[in-house]
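Worksheet: one structure, shown below.
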Amino acid sequence: MNNLGVRDVDVVVIGAGQAGLSSAYHLRRSGLEPGRDFVVLDHSPRPGGAWQFRWPSLTYAKVHGMHSLPGMELTGADDSRPSSEVVGEYFAAYERTFALSVRRPVGVSAVREGEGGRLLVETSAGTWAARALINATGTWDRPFWPRYPGQETFLGQQLHTADYPGPQAFTGRRVVVVGGGTSGVQHLMEIAAVAAETTWVTRRPPVFRDGPFGEDQGRAAVALVDERVRRGLPPQSVVSVTGLPVTEAVARARADGVLDRLPMFDSITPNGVAWADGRTVDADVILWATGFRAVIDHLAPLRLRERGGGIRVEGTRAVRDERVHLVGYGPSASTVGANRAGREAVRAIMRLLERRPADGVAVGAVPADPVARGLFAADPVAVASGSAGRPGPADEPVAPAPEPVTAPVRIPAAAPVRFADAPVPVGG
């Protein structure tokens with residue numbers, strides 16, 4: 001800490017969801033020590049990233065593809081439990097196992113240019129001066145609310161996916177669900193069973209995808225999102241270009257007419273919604289399942305945005321500032337994409353730190369402390385006993401940490417949760 005109360009670190013990671021924890025893992029594995037060389041700041045009250053805020057009826061069985069974090073598998077999860085609990089406990093165990101020392105709740109208000117080539121990260125817990133920044137803030141904190149004529153006159157309830165409480169809140173009510181993504185479909189299928197009436201409206205006809213979604217299709221979808229951010233346009237979600245998978249539940253809902261769709265309405269009335277051709281639908285609730293936007297306003301002082309409104313990135317690096325990496329942004333806005341992007345960002349940052357050493361000393365060439373060596377021995381016995389992270393013999397060989405999985409984990413219901421191939425008791 002300097003005489004102005006600003007704490008100097010090599011890297012600040014903003015966000016402790018999948019992208020932030022993946023990045024922190026790779027920083028740790030590269031030899032940087034949490035607290036001394038890098039810090040992870042998270043505004044949420046507890047581990048779990050955006051998952052902790054998901055509605056209770058979104059069980060782990062309904063999760064649209066969840067990939068384990070690098071170095072520690074999530075296996076044995078009970079499919080019937082809320083995903084917020086399963087993933088929250090997994091993230092908490094991950095933070096403990098790799099001693100990531102996440103600071104929370106800490107809100108980041110601005111990142112601006114500092115002295116000596118450093119970035120000043122201004123937060124509710126003080127200021128850090130960093131040589132590089134990993135922004136892993138995701139999208140959950142910025143729900144997108146479209147605006148339509150008459151919206152302020154509606155006498156019923158309007159809410160967003162971010163505030164969705166579960167289906168029981170809509171019992172006996174007439175509900176208009178807006179949005180053609182996965183969340184909108186999930187909401188409709190839940191609400192239709194209890195609501196008096198449901199109406200689905202989308203801007204474009206939904207695209208349902210039958211059959212497997214292979215690597216070639218995945219690469220093509222990611223390429224479409226990547227092309228936008230390379231041009232400096234706001235990113236589309238990867239899901240928006242993959243289509244909606246036709247599960248058994250979706251097939252039943254389509255057959256039952258639950259997923260019959262209407263084009264987007266033109267205005268909102270006190271009692272519902274209306275189209276220009278005179279058609280109207282009465283409603284008690286309008287549920288906006290209209291997605292989220294990237295949380296990047298705190299980066300505004302760095303002037304990273306392009307005329308198109310987005311931040312142009314190559315890989316994870318902001319084109320306008322090589323010190324800034326965006327992980328979980330654009331093509332890496334998925335759980336497996338975030339894992340890979342975290343590794344890519346750290347590799348680029350380590351090259352930057354070696355090229356621009358602080359005080360003439362390059363960092364990251366070797367593990368910074370024996371704790372880091374012990375952590376990446378990936379000893380399941382140590383993880384189970386709680387001894388992971390303690391120093392081991394100085395000459396102990398370090399086994400490479402496992403690579404992240406590349407397929408969603410699907411576990412039989414009622415199986416015990418296991419972390420790093422060793423059982424860990426999980427409440428609930």
Side-chain angles (χ1 to χ4, degrees), residues 11-27 40-44 49-51 64-67 69-70 107-108 110-111 119 121 130 132-144 162 181-182 218-219 221-242 290-349 352 404:
V11 185
V12 168
V13 180
I14 306 176
Q18 187 102 13
L21 293 183
S22 171
S23 301
Y25 168 88
H26 288 291
L27 288 169
V40 183
L41 308 175
D42 185 29
H43 84 99
S44 298
W51 291 98
H64 187 61
M66 167 67 195
H67 295 258
L69 286 158
V108 175
V111 180
L119 296 166
V121 183
L133 177 81
I134 294 177
N135 191 79
T137 46
T139 62
W140 185 261
D141 295 321
R142 195 182 169 200
F144 175 63
T182 302
R219 280 193 292 267
V222 169
L224 290 174
V225 181
D226 183 62
E227 190 270 338
R228 282 184 61 87
V229 297
R230 285 181 179 272
R231 291 165 51 202
L233 298 174
Q236 290 177 298
S237 69
V238 174
V239 173
S240 70
V241 294
T242 62
T290 44
F292 300 79
R293 299 294 184 263
V295 179
I296 54 176
D297 286 350
H298 54 286
L299 302 178
L302 299 178
R303 300 182 180 275
L304 301 178
R305 287 183 188 264
E306 303 292 334
R307 289 186 177 182
I311 297 177
R312 189 156 61 99
V313 298
E314 291 185 357
T316 62
R317 176 181 58 84
V319 170
R320 289 178 178 265
D321 194 327
E322 66 175 344
R323 299 167 299 177
V324 178
H325 287 256
L326 286 82
V327 179
Y329 178 83
S332 63
S334 66
T335 55
V336 66
N339 284 350
R340 295 169 177 166
R343 178 175 56 191
E344 178 181 346
V346 169
R347 286 176 175 171
I349 285 172
L352 174 69

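Not measured: the values here are computed from a predicted model. All residue numbers in this chain count up from 1 along the given sequence.
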Where do [X] and [Y] come nearest, in terms of heavy atoms and distance?
X: Ala50; Y: Trp140; value: CB-CB, 3.6 Å
X: Gly342; Y: Ser23; value: CA-OG, 3.5 Å
X: Ala24; Y: Val40; value: CB-CG2, 3.8 Å
X: Gly20; Y: Ala136; value: N-CB, 3.5 Å
X: Leu326; Y: Val324; value: CD1-CG1, 3.9 Å

Roughly how far, to the nearest 0.5 Å, is [atom2] of [Y] from [atom1] of [X]?
X: Leu352; Y: Glu322; atom1: CG; atom2: CD; result: 5.0 Å
X: Leu21; Y: Asn339; atom1: CG; atom2: CG; result: 9.5 Å
X: Arg320; Y: Ile311; atom1: CZ; atom2: CD1; result: 10.0 Å
X: Thr137; Y: Tyr329; atom1: OG1; atom2: OH; result: 10.0 Å

Contacts under 3.5 angstrom, residues 292-304 side chains, donor-acceptor by atom type, not counting sequence neighbours:
unit_1: Asp297; atom_1: OD1; unit_2: Arg305; atom_2: NH2; d: 3.3
unit_1: His298; atom_1: NE2; unit_2: Asn135; atom_2: OD1; d: 2.5

Quiz item: Between the side chain of Thr290 and the main-chain N/O of Phe144, is any donor-acceptor distance below 3.5 Å?
Solution: yes
Quiz item: Within the distance-only criterion (no hydrogens, no angle test), does the side chain of Ser22 pair as donor or acceptor with the backbone N or O of Gln18 below 3.5 angstrom?
Solution: no
Exercise. Report the residues that fulfil side-chain hydrogen bond (donor to acceptor under 3.5 Å, both in side chains) with Arg317, sequence neighbours left out, ordered by chain and then residue number.
Key: Glu314
Practice problem: List in chain and number order the residues that pass salt bridge (Lys or Arg N to Asp or Glu O under 4.0 Å) with Arg347, two or more places apart in sequence or in another chain; answer none if no residue qualifies. | Solution: none
Quiz item: Side-chain contact, heavy-atom cut-off 4.5 Å: Val346 with Ile134?
Solution: yes
Practice problem: Verify side-chain contact (heavy atoms from CB on, under 4.5 Å) between Ile14 and Val111, making sure each step is shown before the conclusion. | Solution: CA-CA 10 Å; Ile14 306 176; Val111 180; 4.1 Å; yes
